[in-house]
Structure formats: structure tokens, C-alpha cells
Participant: 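Quick one: structure below, then a few questions.
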Amino acid sequence: MDLSGLNKSQLEAVKTTEGPVMVMAGAGSGKTKVLTTRISYLIGELGVPLDNILAVTFTNKAANEMKERISKILNINAKGMWVSTFHSFSSRLLRLEIDKMPPYTKYFNIIDDDDSLKIVKEIMKEMGDLYTSPKEMRNLISKSKNFLDFKIKDIDRRTEFHKVFDLYEARLKKDNLLDFDDLIIKTIELLTKFPNVLEIYQHKFQYILVDEFQDTNELQYKLMRLLSAKHKNIFVVGDDFQSIYAFRGAKLENINKFQRDFIGTKLILLEQNYRSTKEILNLANNVIINNPNQIKKTMFSENNFGSKPKIYSAYSSYDEIMYVCDKIKELVLDGDSYSDIAIMYRANHISRGFEEQLMKYRIPYKIYGGLSFFSRAEIKDMIAYLRLLIFNDDNFSFKRVVNNPKRGIGKSILDKLELIANESNLSLYDAIPYYKGKGQGASGLVEFKTIIDSIKATIENYKLPDLIDVLLDETGYKDELYRTEDEEVAEDKLNNIKEFKSILKDTDEESLDSNVIKLQGLLGDLALRTNNDDNNDGNSVILTTYHQAKGLEFKDVFMVANEEGIFPSSNTVTDEEIEEERRICYVGITRAKKRLFLTYCNHRRIFGYDTDMSPSRFIDEMDKSLLDDNKVRKAPVVNYNKPIEKKTVVESNNNDIINVGDKVNHKSFGDGVVVAKDGMVITVAFKAEFGIKKLKADHPSIRKR
DNA sequence: AGAAGATAGCTTTTT
DNA sequence: GCTATCTTCT
């Protein structure tokens, strides 16, 4: 096997196959190369069977890429290997073993955050007035599952939480559902409860590799520790500079814990950066140095010098967008292709303005992440219909589609049906024949069952993609779309469904199994799929959040919207949170190979209000000698001075008279002080990131404090 | 039941 | 400024 492309440390990381190894791999230090080479080495040189290796990453894309690279190096098909995300791994294992933990069955359905929120909403709706909003509650539930030291101080809120939590868990259990967090939790539960099962997998996975180790949380760490306890051949790769998932429970302490838990851990440092120019790397080091609690480490590079990162101070977000578009055109004229270029930002909503303008400029672009294809309503509807065809007892899918298209089946009818189902221990679907009653709803139920039954009876007669067309026609879904939506929207949704059909086509051609078996396999893990799985990177500019950009690299990177309140986000306050934001900034900078552009706006529309912005503290912190300052802008660009207009103003119910000097609270901007008054128009100074605004004193969002 | 109109809530970050 | 959800009217 050819290992000549590796440096000394990389080689050591590949060849130290026995015992615990921890690699601290800085940005651009060849981490993926080490991982794939090591796996290939295990298989190709040491003759380890494919099945005895487990590699875990954080994104499907990273997993797929690893498999592809291994396939190439060894000239084998690595598709079936245990190389996946933590969640996919858990799901795969649970499909094999969860039958041991009734009432769950291996046909469990995985629900995404949206579904989960919907369930929480349903539960809370019946509980009346509550302290916590459903969204908050959903957050708390996830936190309680991921943070071992989770606690709610306030006793009322705590009892409320436990009530909802218990109902939520019961509901999931009853319907054979697992949320994302459950995938990991149930896997640990299974392995702990059934030592013989644990034994099997400990024996099986002789070599375990964990990517992005700095982002593992306590549960994920526990899972890996359980599995590796026998062979102790565990290899973890991480970079504490790039730890950006503390909000999801990631524990940097795992790095220290690992060395304590696995005695004799070999520590390997990869400190040479092969990616970026010296100027870019200098800036990255200059940023991260402001994190006092960071373990000191300096990446070095033997790469050539390039140009200094450029910084641009824009008047408005429109101005910022135009600057970026102009620069992209220049870069392409200079010979770069669109796919060399990425626009990166802290929060997804920033992409909107860029999309519009890129389209106008005819610059091809692709949004990386954002709303997942599989979380679109029409796709979820199709999946639910398919699931119901295969699994009649899937109550969750049943509820999603029974009245979609409308069949006159409302809540009261469903409640009655549920009662019947519970009494005779049937699924909602099987309870339909026992539903006594007449009227639209009753006949709607019967009609629904007839349609599903008839499609089910002929399911093997079609190719899988054609099955979707049958569903669209027979259920009336297509007609309903055209009836209730604008034509454009309907076409759009049907296009998405068409894309979904192509996924079914792939599944169809993969095996000679029956349609039912094929669907059982496919439907299992659709919830875990994301947009970015297929990297058919054509020639497009990539728009992405910093989080999603991790692990990627681009020749030219634009970091946009570097403003206080956006980046760092206004939600981050504590020192620890700010330090995480700074690491996000580090991740952004180190994505760039050749050219880096930083921009910020002095004005931005936030929640529909024109807002004064100030540059990000991360910009302030940068040593200006490392930057090429481009902030010459002649005149403010038009398009910005649109008057603030509210469609409706409602009389506020408190008749407080608001005067200059009064404290007020605005729903979106928080507390502020009235600095001027002109009739009913007050001028309020809010927190720095929201600046000074003119508002109507009787606007419902305003309250006197 | 369903269209039209009004309003609240929203923007972290992801599997 | 956008969108999901609630309210009101037919």
C-alpha cells in the first residue's frame, strides 16, 4: 500500500493500529486522509474484515465521502461498511435488536424535530395555560435527554415539564416512534440491559474510529466507550479549536476524559496545515488567540503567501450583497469556477437576500443545508402514505394523511376512532370497520381504507416510482394540490415529489426483492437523510452556515454579516458562549484556501425594521495589519430607505402614557429607553445590536415597564 | 367548511 | 418581512 503521501505524524496515526489513539488534528491538516488511509490500511494490509470496523462521523456527507475514498483506495465496494453518523449507526443497530425491548419493533419510525414539536404542541394544547411555550418545551425535552446534569430550578415549571415529558414519552412509545435523541439513548439502554448483545458487538467491532471527536456529547462518548471496552482499539480524531456544538451537549472535556478512561492513550498532533495561505492562517491564529481557555496550539504552514484577507464595510445589506456578487464575477473572470467559491454566514436566514441577487446576476448557486428536502410537507406526506401501505399499524403516518386530501375527518372523529382502537387494542387503521356513525366523516374513513387497501393489494404490480403516481391519482392528492394551492406552488411541490421518485428509482434498481421489502428498507432511515448527502457538486457557488461548512474547503470564501447580534449571535452572552462563537469564526476562516473576504453592514433589516448595526467584535479583535481594508463606498445604495409601514395598528389595552425617559419593552428587541417623542411616535434606544428605532407608541409589541 | 383577514412569533447553530 | 396560526365572516 502506498503511504508515501503522508508526513511523519500522519503516518504514525495510520500505523498505530492497536490500543487507544487520540489525534489532535488542526484545520486542514489532512484529517480525512488519515482516517481513510487508516481504515484502508487495516483492511488492505492487516486483513481486517470490513465488518469488524466501525467508523463514526457527524454528517452523512462525511460518512459517504469516507466510504467512497476507501472504495477507491482498495478497489472494493465499501457501501455496506459500518461507516456512518452516530444516529445512522444507532438506527441500524436498533433495527436489528430493538425487538428485545418491547413494545418497540424493528419497524419503528424516526421522527424529526418538526414532528416532535407537533406532538409536544398536541400534548400541551390539552393542558391549558402553561408557563412554557411548546418550542421551549421541545428544547427542554431534548436538553434533558442529552445533558446528564439537566435541571429546572423553578418548581412549577419543573412539574409542568415532567408532566409533558411523561406524556411525550408515552406517546412515542405507544406509536413505535423514536426521536433523534432516542436513537442514541435506546442504543445505550439496549447494550446496558442486554450484556449478551453488548458482547456480540464488542466482539464484532475490533477497530473503532471516531471523527470530530471534540463534538461528541456525553451519550455518544458513553456509547463508544461501551463498544470499545473489549478490544480498546479506539481511534479518535478531533480539534478543540473547532468545537462548535456545545449547544447540543458536546463536551470538550471528553478529550481529557478519554485519556483518563483509556490508560496508555497515544497522543498524536497534526499541526501542519496544507490548506490555506499563510495570510489566512495568520488571521485564524490571530482570532483564536482571544480565547483564554483554549489549549495553546499553533498551526503552521509551508504553503505560499497569497493576498491578505479583504474586509469590506457595507452601507446596507443590499450593498453587501452587491459587493459579493461583483467580486464573484471578478473571480470567475480571473479563471476560478463557481464551485471554488462559498458564501458563509452564522444563521440560515442571511442567505435569502443573496439568493435573490445571485439569481438576478445569473450566478449559479446551491444552498447547502437549509430546509431539508425530506422535511418538506409534500415529501413527508408521500412517505407517510408509503409507510401506511407497508405498516398498517403506523398510527403516526395514519394521522398525517387520513384527512389529506380532505375527507371530512376532523378531530372529533379521530378521537372517537382512537377510543375504539384503544378499547380493542387495534391500530387506528384496523379500527375503521368498527367505527359506528354516519355522515361525511364516517364515509370518509371507509373511502380512505378502501383506497389504501386496493393499492396495497396491487403493490407488487408497479415499479416503485410508479407507485407514487398511483398514490397521487388514487388518493386525490394531486387534484387537491391544484385545488388548494396556486398553480406555481402546486407545480413546485409536484417537482419535489418527482425528485423523491428518483430516490425510489435508485432503491428499485438496487435489488430484486419485492416492493414491500424494498420499501421497508428505505423508509426506515429517510428521516436521517439530509440535503447534503449527495455531493453532485456541479458548477455552483455554495451558500452555507459555518456549522455546515465544517469539514469543507473552498478556494475563495466570503464570510458575510459580521455584525454584533448576528455574529456573535445576540443569543450568546456568557464568556463560554462567546468563545464558542469565536471558534465558529475560526472554522469559517480556515475553510478558505486562497482568498478570504469579510463583510459587514452598517444597516440591516431585522424583523422588518431598519436597524443600525456595528461590526462584529471578532472584526474589532483582528490585527488590522493582517487585513486589506476595502471599505471605500461612495454613496449609500438606493433600495434601502423604504419607509416603515405597519399594515395594522391595534389599540393597546393599557392606557399608559409613554413619555421620554420611560422604560419600555418590545417583544422582539427587548428593553429600551424612550429618547424622543412626536405625537404617537416614540424613538426608543434598545440594546446595541438593535440600535435606535422609531415606533408607534400604541403598537401591540410595545409595553411600558 | 373554507376563504379572507389579522396577528404573533420569529433568527442561532444540526443529527 | 415572512409565515404559521388564529379569527371572522360567508
Participant: Starting from C1' on B:dT14, measure out to CD on A:E580 and report it in whole angstrom.
Facilitator: 12 Å
Participant: Of all the nucleotides listed (C:dT5, C:dG1, B:dT14), which has the minimum atom distance to the side chain of A:K121?
Facilitator: C:dT5
Participant: Considering residues at least two apart in sequence or located in another chain, which fulfil the side chain to side chain contact (heavy atoms under 4.5 Å, CB included) criterion with A:K416?
Facilitator: A:Y435
Participant: What is the distance, to the nearest angstrom, from the CD atom on A:Q548 to the P atom on B:dT15?
Facilitator: 6 Å
Participant: Heavy atoms only, 4.0 Å cut-off, all strands: where does A:T59 land among base, sugar-phosphate and nothing?
Facilitator: sugar-phosphate
Participant: Once you apply a heavy-atom cut-off of 4.0 Å, does A:Y546 come out as touching a base, just sugar-phosphate, or nothing?
Facilitator: nothing
Participant: Looking only at the side chain of A:K135 (C-beta and beyond, no hydrogens), which of the listed nucleotides B:dC10, B:dG2, C:dG1 gets closest?
Facilitator: B:dC10
Participant: Under 5.5 Å between ring centres and under 30° between planes: does that hold for A:F247 against the base of B:dT13?
Facilitator: yes
Participant: Under 4.0 Å between a side-chain N or O of A:T545 and OP1 or OP2 of B:dT14?
Facilitator: yes
Participant: Report the distance from atom CD of A:E576 to atom P of B:dT13, rounded to the nearest whole Å.
Facilitator: 21 Å
Participant: Below the 4.0 Å mark, does B:dT14 have OP1 or OP2 next to a side-chain nitrogen or oxygen of A:N348?
Facilitator: yes
Participant: Considering only NZ, NE, NH1 and NH2 on the basic side and carboxylate oxygens on the acidic side, decide whether A:E579 and A:R582 come within less than 4.0 Å.
Facilitator: no
Participant: Would you kindly give the NE2-to-C1' distance between A:H547 and B:dT11, to the nearest whole Å?
Facilitator: 14 Å
Participant: Go through B:dT11, B:dT15, B:dT13 for me and flag the one nearest to the A:T85 side chain.
Facilitator: B:dT15
Participant: Checking all strands, does A:F58 fall into the base, sugar-phosphate, or nothing category for heavy-atom contacts under 4.0 angstrom?
Facilitator: sugar-phosphate
Participant: Looking for any heavy atom pair under 4.0 Å, which part of the strands does A:D181 touch: base, sugar-phosphate only, or nothing?
Facilitator: nothing
Participant: Provide, to the nearest angstrom, the distance between the CG atom belonging to A:L183 and the P atom belonging to B:dT14.
Facilitator: 18 Å
Participant: Respond yes when some side-chain nitrogen or oxygen of A:R605 is under 4.0 Å from OP1 or OP2 of C:dG1, and no when none is.
Facilitator: yes
Participant: Checking contacts here: which listed nucleotide (B:dT11, B:dT13, C:dG1) is nearest the side-chain heavy atoms of A:H349?
Facilitator: B:dT11
Participant: On DNA chain B, does the nearest nucleotide to A:I409 precede the nearest nucleotide to A:S88 from the 5' side, or the other way round? Give the residue.
Facilitator: A:I409
Participant: Given A:R138, which partner from the list A:D112, A:D115, A:D113, A:D114 fulfils the salt bridge (Lys or Arg N to Asp or Glu O under 4.0 Å) test?
Facilitator: A:D113
Participant: State plainly whether the residues A:E480 and A:R407 are in salt-bridge range, i.e. N to O under 4.0 Å.
Facilitator: no
Participant: Ignoring hydrogens and angles, state whether a donor on the side chain of A:E355 or A:Q357 is under 3.5 Å from an acceptor on the partner side chain.
Facilitator: no
Participant: For the pair made of OH in A:Y345 and P in B:dT13, what is the distance, rounded to whole Å?
Facilitator: 10 Å
Participant: Among A:T216, A:N217, A:D215, whose side chain to side chain donor-acceptor pair (under 3.5 Å) with A:N254 holds?
Facilitator: A:T216
Participant: Roughly how many Å is it from CD1 in A:I606 to C1' in B:dT11, rounded to a whole number?
Facilitator: 9 Å
Participant: Tell me which nucleotide among B:dT14, C:dC2, B:dT15 gets nearest to the side chain of A:R352.
Facilitator: C:dC2
Participant: For A:L117 and C:dT3, what is the distance between atoms CG and C1' respectively, to the nearest whole Å?
Facilitator: 15 Å
